[in-house]
Amino acid sequence: MTPLVQSAAEAAPHAATYATHAVQAAATPVQDIEMRPMAPPLIAALTGLVVLVADLFLPRRRKGVLAVVSAVGLVAAIVPLAGLSVDQDETFCLHASPLHTQQCSYEADGFSVTVQFLVFAAALVTVLLSASTVRQQRLPAGEYWFLLLSATAGAALVPASRDLVSLVIALEVASLPAFALVGLRRGSRQSAEAALKFFLTSVTATAVTLLGVSFLYAATGTLDLYGISTHLHHVDPRLHSLTTAALVLTFAGFAVKAAVVPFHFWVPDSYVGAPIPVAAFLSVVSKTAGLSGLVLLLVHAFANEAAVWGPIVGVLAVATMSVGNAAAVRQRADRPHSAVRLLAWSSVGQAGYLLVPLAAAAPYVAGEREEALTTIGATVSYLLMYAVVNLGAFAVVAHVGRITRENRLADYRGLYRAHPLAAAALAFFLLCLAGLPPGFIGLFAKIAILHTAVANGMTWLAVFMALNVVVALYYYLRWAALLFQPAPRPGPAGEGTHGGGASAKPVGGVLTGGGLPAPALDGGVRVSRSLRACIALTATAAVLLSIFPDPVLTYAAVGFL
Amino acid sequence: MIPVSNTALEALLVAVVVLPLLGAVAALLPAPPGLRGRGPAQAVLRHGVLVTGLVFAAAVVLALGFDRGHAERMQAQTAVPWASVGVEFHLGVDGVSLPLLVLTALLTFLCAVYSYCTMPKEAKKPKGAAEAAGVTGQDDGAAEDARRGSRGPSPRAFTGLLLLLESGMLAAFASLDLLLFFVAFEMVLVPMYFFIAFWGRPEGPERRAAAWKFVLYTQLGSMLMLVGFLAIGTGCGYDMLELAGRHSRFAACQTPIGHGVQLVFVLAAGIGLAVKTPMWPLHSWLPDAHTAAPTVGSVLLAGVLLKMGTYGFVRVLLPIAPGAMHTFAPYLAAFAVVGIVYGSLACLALARKGAGGDLKRLIAYSSVGHMGFVLLGISTMTRTGVNGALFANVAHGLVTGLLFFLVGAVKERTGTTDLDALAGRTGGALYARAPRLGGLLAFGAVASLGLPGLAGFWGEMLALLGAYHPADGLGRTGYLVFMAIGALGTLLTAAYLLVVVRRVCMGDPSAEDRAAALDGADGAGEAAGSAASGATRTDVLVPSGARTPPAVRTLPDVRGHEYAATTPLVALTVLAGLWPALLLGLTSPAVQHLLPGVNR
């Protein structure tokens, strides 16, 4: 293997610095495992197991405890992150490698700790969001919480993985439970179909990724991300097409999870078929996992191929936001599940914005790492904002979903009269997503992203994004305006047959006419306590962040310290 | 000037911007005990009056404390970092922004008072009664309003949005940070959208379409503007003063801005500002928005929101990128004069008999023309022209605000703003039927056409004077042509406004009923017909059967709250017309500072 030998020669002077490590490694050929950096995902995974076992011993009416245990477990997983954010730490290191002095499979640096915090916090909000749904839709509690926590643990592993095997496995750990979660609604054909669609897309993507990984291994002889980066630099010119194919194939796998066009087709159907909290989870946590995987792959492994992937990512970003927004604009208000469908398409559109800094960072990833990470920071800032407001929006949608099973956009007409606070919160979330004051935080996050594009000379990308923001404004504001419109007055009974009024069996024991949401919204269904907590939490966070946006924007401004 | 300490001035300016925002939040909360008033609706409207009144008072004290001797200096500056993407909460006023700040606070206060007196306070009744009135669906306007109030948007939402809007407008004029200016620019979108879509008339899809047109058009412009801002501020920060002083004074970013970047900046930001202004041919959102908006929305839209565009030209583009402005100035001037002529011709067409012209739409088109003068003044890049532009800006705010209040009053009485329906065969005869209202309307029209001695005159004259001798390097011949066309525009403006006065205010008061007369009018479309039937419904006009006796059918004359809304505007229009130095003394030193090296 000529490339290996070449690189070894290149790396030789570098190796001297780590001579002491090498000596130690020679003494202990076994990988050292440190618990400290591993603690957060481990705690989440262990809590999942505890919940699964405890489920067996709990009587039916006490199952609510499991939600509390899950929430406590996630809080416990967040706590050690505070310590990790101070200093960098790594584990599963292989010191004895002759090529790269120290290969670690798991690294807790600024980026991974931030993304892990995002994942755990979002999962915590999802727990709040799920509690009433699990109870009401009689989902199997033990399995539900176990799957949720496992997927969370997997998503938390992704940003810290530093070799391709860990990365792929982490992504699978994040995805496999998600398939089950989507299909968890017993006896629902829609749910099963959504799960199957999601599963097939995702498994195909994984297979493609693995093919790409094997190509990479063939070309470079290593799976370590930094190792791949150095080796690709010196790869045999005859293998160039192989490495390019590997780049495209591995990229595709992660792009599916992040819902990047043209790998987005699973999104709307899966979101609609899944229980609403699971859709919320997919839109935030799974997307975060996929995106952070993409970041690692492009910024670390393919740092030297930036000239190739930079423009591609830019074009994909434009395609993603345009397709997502165009589809969201076309959502008809009276179509069943149009609310969730709209959020699904909007999440595709938002994924497009999230890719912009990645494309903008391309010129820097090879040389100026600091600059590149600060640029990527805009993505993380945007993700944090998006997580808060999107989860909040899903919380309100989940509440309306309890009242009207159809959950059409038209059902939100007059929500302000029935539930003023929930409606005001939803309007605020939508304005944040649209990036329009008074949703300041959304506007600032958009400015951060546009800034990266303009500052790095990709003005065309900024212009496309600006146009998309205008398009997106249309459907967000239309929904927000619906909330305050007077509810249609109860008309003649004949009107009620529209949209399957007969089939719209009251979920919460309240009679609803399919076409007549007004009496349903007025019908005294109170926002359940956990949902109320969820809406209050996200709304408070969004308002506070609008006034003091720096906790979120600091990543865009100074990167990861 | 009264001596006010610097700290107090700073606090006042911050209060002017932040107080409405806090008020908007407070409006959404239930009223505290002791301030409940006769019901939640009344309480919250009163809250709106109180907050806007406080803000206006603060703005007046700020203006009194402002050091007029150093109007070119940024005073009452506050700078607090806000968001680390480069947004700094940097406020300050100079002679350019102070008049607009006071104008905004005044107009918003008047709007709050106006809505306090006109908004249906259905909540005074017990809730059940309001509901019952809504369900039985009585046909008269009050019950309809009550139903709307109780079922749809409430006075609470109205007040909250009004205060949010005020905060955004004031922040735009007080902001010294490019991105903060952009944020403020965006902040007015949501409230104005809701005003048009929810409180506008007539109900129906046109209203919503008008609201969409407004919000999407403006947002498109703003996003382009943001890209322009980012292009110029990248790496150097967004402080306007620093950007403007890059070449001479303390420079955050040592390299001067390249001409290419300047061109991109002026083009992108200029388009955004031109949409807001609105400059022909980017104006097409304006007539629809004005026609559909409620009175308060129209007043603020024309009186303040349009000014944000022209203010942006003076505050942002001129000092930061003078070179690129110089390149684009002739084009701007050309578009401006086309706008002047186009606006006037559109108004003439609307004012014709049988054209089915809407009075609000007519005033909207006249705004396109007036804003054309403002842009022409700016494009000369001379002190005279820019001073004229700033003067015309304020004058237009006063006069158009007044006109929209009056048209709102006419609509309240006759149920229509359709010129044909108003005028009938011989004329609306407002002089006879409601003499004071007619007089005020004629006053507004005359002020708008630029009669010497009233506010409208000085701005347009100075703008034309500036075009007579534009800045060095701008082709003088072209500007002379622009000036000639602009002068022609003033004649056309006078023509249509006088036609409006003749058709609405004059006429035979004892002529047969206007609705009947309408049948004779050529080409009066369906809209006019339906509006006329609306007019008969209001019981103000006697049904067509009652021909005898041919007595004067009077309309209720100006009421108390209408006096309250219009008197300050009338007084200021006269004051600014007779004592232009009051304004020019403020703007002139500031403009001199903005245009270094220009001595005309």
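Just so you know, these numbers come straight off a predicted model, no measurement behind them. The sequence lines fix the lettering, A, B, ..., with proteins before strands; numbering per chain opens at 1.
By the 30° and 60° cut-offs, the orientation of the rings of B:Phe198 relative to A:Phe484 is perpendicular. Aromatic ring pairs are classed by plane angle as parallel below 30°, tilted from 30° to 60° and perpendicular above 60°; the pair B:Phe89 and B:Trp82 is perpendicular. Ring geometry, B:Phe195 versus B:Trp199: the interplanar angle exceeds 60°, so the pair is classed perpendicular (tilted spans 30 to 60°).
For chain A, no part of B:Val264 is nearby; none of its heavy atoms comes within less than 4.5 Å. At a 4.5 Å heavy-atom cutoff, A:Thr452 makes no contact with chain B through either its backbone or its side chain. Residue contact with chain A, scored on non-hydrogen atoms closer than 4.5 Å, involves the side chain of B:Val87 exclusively. Neither the backbone nor the side chain of B:Phe229 comes within less than 4.5 Å of any heavy atom in chain A. In this structure, chain A has heavy atoms under 4.5 Å from both the backbone and the side chain of B:Leu220. Heavy atoms closer than 4.5 Å to chain A are found in both the backbone and the side chain of B:Ala83. For a residue to count as touching a neighbouring chain, one of its non-hydrogen atoms must lie under 4.5 Å from one of that chain's; by this rule A:Ile547 touches chain B with the backbone only. Of the atoms belonging to B:Leu189, it is side-chain heavy atoms, and not backbone ones, that fall under 4.5 Å from chain A.
Across A:Ala466 and A:Leu450, no two heavy atoms sit closer than the pair N-CD2, 4.5 Å.
Annotation: A:Phe464, atom CZ; neighbour count of heavy atoms from other residues, nucleotides and ligands within 6.0 Å does not exceed 12. No more than 12 heavy-atom neighbours from other residues, nucleotides or ligands sit within 6.0 angstrom of CZ on A:Phe117.
Interface check for chain B: of the options A:Ala455, A:Ala462, A:Ala481, the most heavy-atom pairs under 4.5 Å are formed by A:Ala481. Note: A:Phe444 leads A:Phe444, A:Phe548, A:Phe440 in heavy-atom pairs under 4.5 Å with chain B.
Between B:Leu180 and B:Leu91 there is a side-chain heavy-atom pair separated by less than 4.5 Å.
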